[in-house]
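Beneath this line is the structure, given in structure tokens, with notes to follow.
All ligand and atom numbering here is 1-based and tracks the order in the structure. All values reported here derive from a predicted model rather than from experimental measurement.
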Amino acid sequence: MLDELLKRPVIPVIVIEDAADAEPLAEALLEGGMDVIEITFRTAAAGEAMRRIAARFPDMLLGAGTVLSPEQADRALDAGASFGLAPGLNPDVVRHFQAKGGLFIPGVMTPSEIERGLSLGCKLLKFFPAGNAGGPAMLKALAGPYASQGVKFCPTGGVNLDNMNDYLALPMVAAIGGSWLATKQQIADRDWAGITANVKQALARVG
Ligand code: 3PG
């Protein structure tokens, strides 16, 4: 799972209000060339949206975001998610997710949190909120001492088309995540063509 995820440099972070939009949204991403999706547990529709995507697009890499409790970890895995993320590092959530066979990517923004993540066996960590936490320069300084540990980062929070390559240029950055690829407004408007265009634009910019 980790190897598969490491092949995808850009991860769309999704907030979805209506589970009926899940399939057309996933289709729009796939149409643009993106076969990974993070559905956040920020809405009541998240679990059902995950279930629908897992059923309809079993080859898509499906992640659950904003997983804040072991109970949400269960819901994510039951819905078919194969990886999970959180803004912070809650050892109970990490262990629970891992024990059930999923890959968990906890959020960090300090050296102590990185060490905690490593001690829990997490080789991929979310750097969040990347922009406010100091951006690429901060991540470079923060990650320096841990280069020998093989740890990789997924910065999210304030990452966009214009700054994503500043992060992706860093050797410790495996991928970036962002909500600009499929905004809440675009999903509400069912602007699937606009989402496909965002995805194509981002993937072309990554090169
Ligand atoms: C996340 O959870 O990864 C972020 O909320 C996404 O941040 P963005 O909206 O700034 O892209």
Side-chain angles (χ1 to χ4, degrees), residues 5-6 8-17 21-22 25-26 28-29 32 34 36-47 49-50 53 61-69 72-73 75-76 79 81-90 93-94 97 102-110 113-114 117 122 124-139 142-143 152-168 170 172-189 191 194-195 197-199 201-203 205-206:
L5 201 53
L6 294 178
R8 276 92 176 164
V10 182
I11 301 173
V13 178
I14 305 296
V15 178
I16 188 164
E17 299 287 349
D21 292 332
L25 166 63
L29 296 171
M34 197 163 276
V36 58
I37 185 168
E38 172 189 343
I39 304 278
T40 60
F41 273 116
R42 295 186 201 170
T43 61
M50 287 177 214
I53 292 171
L61 292 192
L62 174 62
T66 324
V67 180
L68 303 179
S69 64
Q72 275 181 333
R75 281 173 54 206
S82 52
F83 67 100
L85 307 97
L89 193 162
N90 178 335
V93 174
V94 176
F97 209 91
L103 171 77
F104 202 77
I105 306 164
V108 299
M109 59 177 283
T110 67
E113 290 159 1
I114 293 173
C122 302
L124 183 58
L125 300 169
K126 168 168 161 146
F127 177 49
F128 179 82
N132 290 308
M138 176 63 173
L139 179 56
L142 194 58
K152 298 278 181 195
F153 294 86
C154 176
T156 72
V159 181
N160 56 46
L161 186 67
D162 293 325
N163 65 17
M164 66 175 186
N165 280 329
D166 298 339
Y167 291 98
L168 288 168
L170 300 175
M172 73 289 276
V173 170
I176 55 92
S179 61
W180 93 92
L181 294 145
T183 66
K184 271 166 94 167
Q185 193 59 52
Q186 283 180 309
I187 298 169
D189 293 345
D191 178 13
I195 291 169
N198 288 350
V199 166
Q201 190 183 32
L203 293 179
R205 191 76 75 91
V206 169

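Counting only heavy atoms of the protein, atom 6 (C) of ligand 1 lies nearest to Gly157 N, 4.0 Å. Atom 8 (P) of ligand 1 has as its closest protein heavy atom Ser179 OG, 3.4 Å. When only non-hydrogen protein atoms are considered, atom 4 (C) of ligand 1 lies nearest to Phe128 CE1, 3.7 Å.
No side-chain donor-acceptor contact under 3.5 Å links Asn160 to the backbone of Trp180. Put simply, the side chain of Asn198 never gets that close to the backbone of Gly32: no donor and acceptor are under 3.5 Å apart. Although no hydrogens or angles enter the test, the distance criterion places no donor-acceptor pair under 3.5 Å between the side chain of Thr156 and the main chain of Phe128. Checking side-chain atoms of Asp191 against main-chain N and O of Gln186 turns up no donor-acceptor pair under 3.5 Å.
Of all the heavy atoms of Lys126, the ones lying under 4.0 Å from any atom of ligand 1 belong exclusively to the side chain.
Counting the atoms of ligand 1 from 1 in the order shown, those under 4.0 Å from a heavy atom of Arg42 are 1 (C), 2 (O), 4 (C), 5 (O).
Using 4.0 Å as the threshold, Gly65 has no heavy atom nearer than that to any atom of ligand 1. The closest approach between Gly158 and ligand 1 falls below 4.0 Å for a heavy atom of the residue.
The option from Ile11, Thr156, Val159, Ile14 that lies nearest to atom 3 (O) of ligand 1, judged by heavy atoms, is Thr156.
Taking 4.5 Å as the limit, some side-chain heavy atom of Phe127 sits within range of a side-chain heavy atom of Leu142.
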